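All chains are named by letter (A, B, ...) in the order of the sequence lines, taking the proteins before the strands, and each is independently numbered beginning at 1. The shown structure was predicted, so the numbers you read here are calculated from the model rather than taken from an experiment.
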Protein chains: 2
Amino acid sequence: MISLAEENYLKNIYKLSEKNSGAVTTSSLADALQINAASVTDFVKKMAEKKMVTYQKSKGAMLTEAGKKIALKIIRKHRLWEVWLVNTLNFKWDEVHDIAEQLEHVNSDMLIERLDNHLGNPTADPHGDLIPDAKGKFIKDRSKPLLKCIAKQKVKFIGVAEHSNSFLQFLTKNNLKIGDELFIERIEAYDQSFHLKINKKTKKVFSKEVVKNILIVLA
Amino acid sequence: MISLAEENYLKNIYKLSEKNSGAVTTSSLADALQINAASVTDFVKKMAEKKMVTYQKSKGAMLTEAGKKIALKIIRKHRLWEVWLVNTLNFKWDEVHDIAEQLEHVNSDMLIERLDNHLGNPTADPHGDLIPDAKGKFIKDRSKPLLKCIAKQKVKFIGVAEHSNSFLQFLTKNNLKIGDELFIERIEAYDQSFHLKINKKTKKVFSKEVVKNILIVLA
DNA sequence: AAATAAAATTAGGTCAGCCTAATTTTATAC
DNA sequence: GTATAAAATTAGGCTGACCTAATTTTATTT
Ligand SMILES: [Mn+2]
Ligand SMILES: [Mn+2]
Ligand SMILES: [Mn+2]
Ligand SMILES: [Mn+2]
């Protein structure tokens, strides 16, 4: 059996290795898990014995295939639950993460698959994060940061690269939500702020800070 | 904060004190939790320090008001989740208990209340067990064992007094489900087996063993 | 290439939640 | 009421998942 702590380690190792590929450092894991680095070293060694990760002293940890499979399953559960919370129970997108952090550890394959079907086999969660299927496969990710776009492009808002409540609430306050059509009227050369027209109606200006965390696809 | 172990102790103390009122014995708790009696003694003492229970050496434990409140909340969650699993995800009534055992520990008041509303504020779970409201109050229980009835009575099957999978599956196999109307055609004097007509159609005979675990209300 | 800083590891705890074995207390039988 | 059985407690341990402080390794400056 796999413990709660192990599940959280695996999930976070996966997420960190997604960003900076290669071995995940002890300190980055410690930071993500809010656990002392010494404890992480210890734990990771035990996980290596159990073949969930490979570990090289002073270099870091990498998921084995077995570990990756578990990590993806937890991520799948987390995101499916978030979809349920938002779509069925009408939670806001900035209210679901902590609840999903708990629900992701509920262990029942039958439950996951039924939930998935009940939700219509969604491929993305309320924040636009892709949901792996039962085999751990994602659909192809075609998104990129709005910041990478050029003036006069028409794009669709499909996700966020930053998941903090403050950022999500900022977007909500500014009436920006997933699915919105954004037209880039102009990009200010000096500070790279974006002048947008949202859904062919409202005009708004967003700073580079914001724009880099908005993920879009070309419309 | 309250730990998983504490929640399970509280829930089981509540359930055992429901049956045999008075203090809950160490051995009955040990048996229910599948934990060694020595460990239970220890744990219960710690819970007494935290004012969740009162404890008298060699006599047993009783919930305090605070402890009872927590116990009822867990029972509420367990039963609400069971309703969801059966009504929304189409699980069978003998498939939900283990999943609900996990879900009952998910901690979010907002989640419970939204789930409750979404389900239409049910007052009983798929096994006929009453669901306490947010304040811990139950509706009045009017059920009694079918065994206590007399011949020629017409009654409605509303719950089970025995929750084992084997019993639930036995009932399912015999096409008996909650809501069914039962007419007691005759009670065999020798062994107290019940000759029933189910939903004005099927005739079936059930042993005393079975009949004592079927809960009904007079129709 | 030394010196310094940062990251990682080792050594030696703690605490929760369990266990077994031994002992004491309470209940039941004779 | 004494003997026996059952229940409960005490004593002493163990493991998982953390911690701090000290040390070692690796990276960055100068
Ligand atoms: Mn989340
Ligand atoms: Mn998400
Ligand atoms: Mn149940
Ligand atoms: Mn139930």
K.L.:
Output the residues of residues 14-31 of chain B in contact with DNA chain D, where contact means a heavy atom of the residue under 4.0 Å from an atom of the strand; sort by number or write none.
P.N.:
B/T25, B/T26, B/S27

K.L.:
Go through the side-chain N and O atoms of B/N121 and B/N117 and say whether any donor and acceptor fall under 3.5 Å apart.
P.N.:
yes

K.L.:
Nearest-Å distance, CE (A/M1) to P (C/dC18)?
P.N.:
18 Å

K.L.:
Please list, chain by chain and in numerical order, all residues satisfying ring pair (Phe, Tyr, Trp, His ring centres under 6.0 Å) with A/H105, sequence neighbours excluded.
P.N.:
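Scan of A/H105 (ring pair (Phe, Tyr, Trp, His ring centres under 6.0 Å), adjacent residues dropped) gives none.
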
K.L.:
Checking A/N20 now: which residues fulfil side-chain contact (heavy atoms from CB on, under 4.5 Å) with it, not counting sequence neighbours?
P.N.:
none

K.L.:
May I have the distance from B/Q56 (atom CD) to C/dT26 (atom C1'), rounded to whole angstrom?
P.N.:
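Rounded to the whole Å, the gap is 14 Å.
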
K.L.:
I need the CG-P distance between B/L10 and C/dG17, as an integer number of Å.
P.N.:
12 Å

K.L.:
Partners of B/H195 by ring pair (Phe, Tyr, Trp, His ring centres under 6.0 Å), sequence neighbours excluded?
P.N.:
none

K.L.:
Rounded to the nearest Å, what distance is computed from the OH atom of residue B/Y9 to the C1' atom of nucleotide C/dA16?
P.N.:
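Taking OH of B/Y9 and C1' of C/dA16, I get 11 Å after rounding.
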
K.L.:
Report the residue from A/R79, A/E82, A/E162 that forms a side-chain hydrogen bond (donor to acceptor under 3.5 Å, both in side chains) with A/H127.
P.N.:
A/E82

K.L.:
Look at A/E65 together with A/K51 and state whether they make a salt bridge at an N to O cut-off of under 4.0 Å.
P.N.:
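No salt bridge links A/E65 with A/K51.
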
K.L.:
Starting the side chain at C-beta, find the nucleotide from C/dG17, C/dT10, D/dA8 nearest to B/K46.
P.N.:
C/dG17

K.L.:
C/dA16 P sits how many Å from B/M47 CE, rounded?
P.N.:
14 Å

K.L.:
Regarding A/H163 and A/D129, do their side chains bring together a donor and an acceptor under 3.5 Å, going by distance alone?
P.N.:
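Distance-only check passes for A/H163 and A/D129.
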
K.L.:
Does either side chain, that of B/H97 or that of B/H78, offer a donor lying less than 3.5 Å from an acceptor on the other one?
P.N.:
yes

K.L.:
Roughly how many Å is it from NZ in A/K45 to C1' in D/dC18, rounded to a whole number?
P.N.:
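To the nearest whole Å, that distance equals 15 Å.
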
K.L.:
Going by number, which of residues 97-105 of chain A have a non-hydrogen atom under 4.0 Å from DNA chain C?
P.N.:
none

K.L.:
Could you tell me the separation between the CG atom of B/N8 and the C1' atom of C/dA16, rounded to a whole number of Å?
P.N.:
15 Å

K.L.:
Quick one: which of C/dG17, D/dA17, D/dT10 gets closest to the side chain of B/S3?
P.N.:
C/dG17

K.L.:
For A/E209 and A/S207, test the side chains for any donor-to-acceptor distance below 3.5 angstrom and give the result as yes or no.
P.N.:
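There is no such pair (donor and acceptor under 3.5 Å, judged by atom type) between the side chains of A/E209 and A/S207.
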
K.L.:
Under 4.0 Å from OP1 or OP2 of C/dT10: is there any side-chain N or O of A/K57 that close?
P.N.:
yes

K.L.:
Near DNA chain D, under 4.0 Å by heavy atom, which residues of residues 34-44 of chain A?
P.N.:
A/I35, A/N36, A/A38, A/S39, A/F43

K.L.:
Any salt bridge between B/R76 and B/D116, counting N to O under 4.0 Å?
P.N.:
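B/D116 and B/R76: salt-bridged.
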
